[in-house]
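The first residue of the sequence shown is numbered 1, and numbering continues consecutively from there. In this text the structure is predicted, and so the values were computed from the model without any measurement. Scope of the values below: all heavy atoms of this structure, side chains included, with no hydrogens, waters or symmetry mates.
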Amino acid sequence: MKILRTEEMFDLPFDGEFNVDKEGIPIKRRITHWFSCFAFFVLGFIAKVAFRYKVINKRKVTDFKDKRGCIIIANHESYLDAVFAFLGPRPKCCPRIVARETLFEGKPWIARQIIARAGAFPISRETSDRKSLKRAVKMLQRKEMVTIMPEGTRRGRGTADLSLHSGFAFIAKMAGDAPIIPCAFRNVGKIKKKGERLHFPKVEIEYGDPILLSDFDCFEKKDRLAICSWWAMREVFALRDAIRPEQVDMKTLFPNDIDYSDVEEVKNLHIHHTTEELLGGC
């Protein structure tokens, strides 16, 4: 087994198609799966015993494998969200997970190796990290799966300002209108609250129907990314709370962002895709 540099793994395929050279011949270099398979076995066993975790509508994600790259967006309430983002599509799919850069900076070599071999790659929350955005686009173009938590920090716990970041919609656009799949983590935030003992709630991961940025072409170009991001995150919280999207109070969830709930064009918008429809003849 070749020992890869952590930074090298950020740009190597983890799943999906191999890179190709100038003649179109596949370059069979990728991050090997031995560690991620081992981690899935260990973490999956612990999560199943301790939290009885369950994945709902998994096929809405796994059917994309080797056919089309997709972006999974999810709510963020705990550090453990990353664990369940890792477990959700497995064992069939191996998601790449966007992680904040501090998880890599200043950490021992072995810690960085473990995080990278689990499929994570860093992004800066404070600046426009073009390098990481380009990495995510390339992953989608290789038909890989990228998981992003657009809130940018843990809801009710993080130190950064809570905001609805539209970076995932921009990535979807640059990758050729990659499908955006809402994902909800239920009860993960209840596992460990500050000042309280460890709890063992039943954890659920649920995937929703895919959304396309092109669904919002009816809006002005300058507003499309923001409206798409707002709509997609509303779907996430509707899944989390098992309610209709119209019942989600986005103004309370994101008080510093524009709320489109009362915009007539948004109220009249109807979006419904299935995985099968988007894959077509793939």
**OP:** Identify the heavy atoms of Lys60 and Gly208 that sit nearest to each other, and give their distance.
**Re:** CD-O, 3.5 Å
Original post:
About how many Å separate CD1 of Ile181 and OH of Tyr207, when rounded to the nearest 0.5 Å?
Top reply: 8.5 Å
Original post:
Under 6.0 Å from the NZ atom of Lys48, do we count more than 12 heavy atoms belonging to anything else shown?
Top reply: yes
Original post:
Under 4.5 Å between any side-chain heavy atoms of Ile211 and Pro182, yes or no?
Top reply: yes
Original post:
Shortest non-hydrogen contact from Pro150 to Met233?
Top reply: CG-SD, 3.7 Å
**OP:** Look at the side chain of Asp81 and the backbone N and O of Ser78, then say whether any donor-acceptor pair between them is shorter than 3.5 Å.
**Re:** yes
**OP:** List the steps, then state whether side-chain contact (heavy atoms from CB on, under 4.5 Å) holds for Phe219 with Leu269.
**Re:** CA-CA 11 Å; Phe219 297 98; Leu269 191 62; 3.9 Å; yes
Original post:
Which atom pair, heavy atoms only, marks the closest approach of Leu140 to Ala178?
Top reply: CD1-CB, 4.1 Å
Original post:
Is a side-chain N or O of Lys192 found less than 3.5 angstrom from the main chain of Glu196, in a donor-acceptor match?
Top reply: yes
Subject >> Reported SG-to-CD1 distance for the pair Cys228 and Ile180, which is rounded to 0.5 angstrom >> reply: 4.0 Å
Subject >> Rounded distance (nearest 0.5 Å) linking atom CD1 of Ile227 with atom CG of Leu213 >> reply: 10.5 Å
Original post:
Hey, mind stepping through His272 and Asp209 against side-chain contact (heavy atoms from CB on, under 4.5 Å) and telling me if it holds?
Top reply: CA-CA 7 Å; His272 179 71; Asp209 291 323; 3.5 Å; yes
Original post:
Do Leu212 and Leu239 share a hydrophobic cluster (ILVMFWY, side-chain heavy atoms under 4.5 Å, transitive)?
Top reply: no
Original post:
Under 6.0 Å from the CZ atom of Phe170, do we count more than 12 heavy atoms belonging to anything else shown?
Top reply: no
Original post:
For Pro201, does its backbone N or O pair with a side-chain atom of Asn187 as donor and acceptor, under 3.5 Å?
Top reply: no
**OP:** To the nearest 0.5 angstrom, please state how far the CG atom of Asp63 sits from the CD atom of Glu276.
**Re:** 6.0 Å
Original post:
In a check of side chain to side chain donor-acceptor pair (under 3.5 Å) between Glu204 and each of Arg52, Arg186, Lys54, which one passes?
Top reply: Arg186
**OP:** Evaluate the ring planes of Phe38 and Phe35, with Trp represented by its six-membered ring, and classify them as parallel (under 30°), tilted (30 to 60°) or perpendicular (over 60°).
**Re:** tilted
Original post:
Under 4.5 Å between side-chain heavy atoms, hopping through other hydrophobics if needed: is there a path connecting Phe86 to Phe45?
Top reply: no
Original post:
Heavy-atom distance under 4.5 Å between the side chains of Ile72 and Ile148, does that happen here?
Top reply: no
Original post:
Given the rule in the side-chain contact (heavy atoms from CB on, under 4.5 Å) test, do Arg112 and Leu103 qualify, once you have shown the distances and angles that lead to the verdict?
Top reply: CA-CA 8 Å; Arg112 289 183 283 114; Leu103 285 179; over 6 Å; no
Subject >> Side-chain donor/acceptor of Asn268 to backbone N/O of Glu264, under 3.5 Å >> reply: yes
Original post:
After noting the C-alpha distance and the side-chain angles of Phe121 and Ile97, does the key distance pass the side-chain contact (heavy atoms from CB on, under 4.5 Å) rule?
Top reply: CA-CA 6 Å; Phe121 66 101; Ile97 302 171; over 6 Å; no
**OP:** For the pair Arg244 (side chain) and Ala238 (backbone), establish whether a donor and an acceptor sit closer than 3.5 Å, ignoring hydrogens and angles.
**Re:** no
Original post:
Looking at side-chain heavy atoms only, is the closest gap between His165 and Ser229 below 4.5 Å?
Top reply: no
Subject >> Glu246, CD atom: more than 12 neighbouring heavy atoms under 6.0 Å >> reply: yes
**OP:** Indicate, with yes or no, if Ile114 and Phe41 share a hydrophobic cluster defined by side-chain heavy-atom contacts under 4.5 Å among Ile, Leu, Val, Met, Phe, Trp and Tyr.
**Re:** no
Original post:
Any side-chain heavy atom of Cys70 within less than 4.5 Å of one from Val146?
Top reply: no
Original post:
Which pair of non-hydrogen atoms, one from Met9 and one from Ala116, has the smallest distance, and what is that distance?
Top reply: CE-CB, 3.6 Å
Original post:
Heavy-atom distance under 4.5 Å between the side chains of Leu80 and Val83, does that happen here?
Top reply: yes
Subject >> Flag if over 12 foreign heavy atoms under 6.0 Å of CD1, Ile56 >> reply: yes
**OP:** Mind listing the closest non-hydrogen atom pair of Cys183 and Val236 along with its distance?
**Re:** O-CG1, 3.3 Å
Subject >> Short N-O contact, Asp262 and Lys267, less than 4.0 angstrom >> reply: no
Original post:
Can you name the closest pair of heavy atoms from Arg240 and Ala184 and give their distance?
Top reply: N-CB, 3.4 Å
Subject >> Flag if over 12 foreign heavy atoms under 6.0 Å of NZ, Lys58 >> reply: yes
Subject >> Side chain Ser166, main chain Ala169, donor-acceptor under 3.5 Å >> reply: no
Subject >> Arg234 to Phe237 six-membered ring, cation-pi geometry met (6.0 Å, 45°) >> reply: no
Original post:
Taking C-beta and beyond as the side chain, do Val188 and Ile205 meet within less than 4.5 Å on heavy atoms?
Top reply: no
Subject >> Straight-line distance of Leu87 CG to Tyr53 OH, nearest 0.5 Å >> reply: 4.5 Å
**OP:** Could you tell me whether Glu77 and Lys193 have a side-chain N and a carboxylate O separated by less than 4.0 Å?
**Re:** no
Original post:
Has the side chain of Ser36 got a donor or acceptor atom that lies under 3.5 Å from a matching backbone atom of Ala118?
Top reply: no
Original post:
Does any N or O in the side chain of Glu101 come within less than 3.5 Å of the main-chain N or O of Pro122, such that one atom is a donor and the other an acceptor?
Top reply: no
Original post:
For residues Trp230 and Asp259, is any side-chain donor paired with an opposing acceptor at under 3.5 Å?
Top reply: yes
Original post:
How about Phe254 and Glu151: do any of their side-chain heavy atoms sit closer than 4.5 Å?
Top reply: yes
**OP:** For the residue pair Val98 and Phe168, establish whether any side-chain heavy-atom pair is separated by less than 4.5 Å.
**Re:** no
Subject >> Rounded distance (nearest 0.5 Å) linking atom CZ of Arg224 with atom SG of Cys218 >> reply: 8.5 Å
Subject >> With Asp11, the salt bridge (Lys or Arg N to Asp or Glu O under 4.0 Å) member among Arg135, Lys131, Arg96 >> reply: Arg135
Subject >> Within one Ile-Leu-Val-Met-Phe-Trp-Tyr cluster: Ile258 and Met250, side-chain cutoff 4.5 Å >> reply: yes
**OP:** Indicate the ring-plane relationship of Phe51 and Phe200, choosing parallel, tilted or perpendicular according to the 30° and 60° boundaries.
**Re:** parallel
